[in-house]
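This report refers to the structure that appears directly beneath it.
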Protein chains: 2
Amino acid sequence: MKYSRQRELIYKAVVDNPIHPTAEMVYNILKKENPQLSLGTVYRNLQQLSERGELIRLSFPDKPDRYDGHTGRHYHGLCSRCGEVTDIFVDYFEDIDKIVERETGLKVASHNALFSIICPRCADSLA
Amino acid sequence: MKYSRQRELIYKAVVDNPIHPTAEMVYNILKKENPQLSLGTVYRNLQQLSERGELIRLSFPDKPDRYDGHTGRHYHGLCSRCGEVTDIFVDYFEDIDKIVERETGLKVASHNALFSIICPRCADSLA
DNA sequence: CCAGTAATAGTAACGATTACTACTTCTAAA
DNA sequence: TTTAGAAGTAGTAATCGTTACTATTACTGG
């Protein structure tokens with residue numbers, strides 16, 4: 001894989017923006033300073049980086065995919081009001097992989113979890 | 001919501017097929033006996049049923065959405081070899097919602113989990 | 001500094017899904 | 001039961017997110 005300035009920018013845009021941006025968001029963030037950037041380049045690099053495990057790609061029904069720069073095992077929260085995606089850093093629940101293995105007989109490599117939450121901003125606006 | 005024969009068929013196709021079919025799969029299953037069925041009708045009803053909580057809609061990167069007729073809390077396994085989706089029925093891990101609430105301060109309603117597994121068929125073919 | 005390979009910009013194409021429209025089917029009340 | 005009106009359907013067009021293509025540009029090893 002050859003170095004490219006664009007890939008560097010795209011990667012940093014995801015890592016530096018904890019909002020879990022979509023491809024379009026990355027494009028909009030970067031095009032201000034890099035007006036020649038192509039949306040296809042953003043998509044291509046996000047895909048490559050995800051394949052290589054340098055980014056994580058998240059899918060939700062009826063919404064564009066989002067990308068996460070944290071590659072360590074962690075969970076996510078999805079605000080059921082505003083749709084915001086947040087990282088949830090708690091210790092990985094090792095046990096539950098073993099429980100599932102024991103109870104189902106399947107070989108379990110890992111799991112990921114999505115918590116349905118109310119984010120602080122939405123919680124406030126409700127109060 | 002008014003009764004329709006098509007909706008009934010679509011709902012049953014999902015509930016009766018534990019493969020977590022895609023919209024296209026549902027269409028193909030049903031069109032044999034119901035050649036007049038329209039793909040748009042399948043999509044529209046799957047969406048309505050998901051919105052009403054009678055089906056669950058699952059999204060994965062780069063794959064069409066899948067639908068699950070089990071609406072009770074449960075988990076899913078995704079075979080990392082063949083991509084097959086399976087239900088995983090183990091007791092809901094109530095504790096982890098509380099742990100996340102305690103550690104993050106967020107209001108947690110529930111979670112779902114996706115286990116990365118090797119399905120029995122793939123495990124066999126490797127042996 | 002140059003050759004060769006990989007990456008890009010720009011645009012076209014694609015697949016999954018939703019929207020639209022004229023026609024059909026439920027259903028509730030007369 | 002008939003019938004009016006609302007909701008649903010079939011068939012097709014349109015949309016959106018994403019990937020593919022192509023001519024040009026930018027890395028990098030020798």
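All heavy atoms count here, side chains included; hydrogens, waters and symmetry mates do not. Protein chains get the first letters and strands the later ones, always in sequence-line order, with residue 1 at the start of each.
Between the CZ atom of Arg52(B) and the C1' atom of dG8(D) there is a distance of 13 Å, given to the nearest Å. One interatomic measurement links the two molecules: CD of Gln36(A) to P of dT24(D), which rounds to 18 Å at whole-angstrom precision. When the P atom of dT17(C) is taken as reference, atom CG of Leu39(B) falls 9 Å away, rounded to whole Å. If you take CZ of Phe60(B) and C1' of dG15(C), they are 18 Å apart, rounded to a whole angstrom. Atom CD in Glu8(A) sits roughly 17 Å away from atom P in dA26(D) (whole-Å rounding). Put simply, CG on Asp65(A) is 14 Å from P on dA16(C), counting in whole angstrom units. In this structure, CZ of Arg7(B) is placed 11 Å from C1' of dC26(C), rounded to the nearest angstrom. Across the protein-nucleic acid pair, Lys31(B) atom NZ and dT9(D) atom P stand 18 Å apart, rounded to whole Å.
The side chain of Asn45(B) contributes an N or O atom lying less than 4.0 Å from OP1 or OP2 of dT9(D). Dashed line: the shortest gap from a side-chain N or O of Arg5(B) to OP1 or OP2 of dT25(C) is not under 4.0 Å. Gln6(A) has no side-chain polar atom (N or O) that falls below the 4.0 Å cut-off from OP1 or OP2 of dT25(D). Using a 4.0 Å cut-off, some side-chain N or O of Arg44(B) falls inside it from OP1 or OP2 of dT9(D). Phosphate proximity of dT19(D) to Gln47(A): present, with a side-chain N or O under 4.0 Å from OP1 or OP2. Side-chain N/O atoms of Tyr43(B) include none lying less than 4.0 angstrom from OP1 or OP2 on dT18(C). At dT9(D), none of the side-chain N or O atoms of Ser38(B) fall inside 4.0 Å of OP1 or OP2 (strictly under the cut-off).
Cation-pi geometry between Arg73(A) and Tyr92(A) is satisfied (NZ or CZ under 6.0 Å from the ring centre, within 45° of the ring normal).
The aromatic rings of Tyr75(B) and Phe93(B) lie parallel to each other, with less than 30° between the two planes, well short of the 60° mark.
At a cut-off of 3.5 angstrom, the base of dT5(C) holds at least one donor-acceptor pair with the side chain of Lys2(A).
Of the two residues near DNA chain D, Met1(B) and Asp62(B), the one whose nearest nucleotide lies more 5' is Met1(B). Taking the nucleotide of DNA chain D with the nearest heavy atom to each of Pro35(B) and Tyr3(B), the more 5' of the two is matched to Tyr3(B). When each of Ser4(B) and Lys63(B) is assigned the nucleotide of DNA chain C bearing its nearest heavy atom, the one mapping closer to the 5' terminus is Lys63(B).
Under a 3.5 Å cut-off, the side chain of Arg121(B) and the backbone N or O of Cys82(B) do not form any donor-acceptor pair.
Enclosure of atom CG in Asp16(A) by more than 12 non-hydrogen atoms of other residues, nucleotides or ligands within 6.0 angstrom is indicated.
Side-chain contact between Glu84(A) and His20(A) is absent, with no heavy-atom pair separated by less than 4.5 Å.
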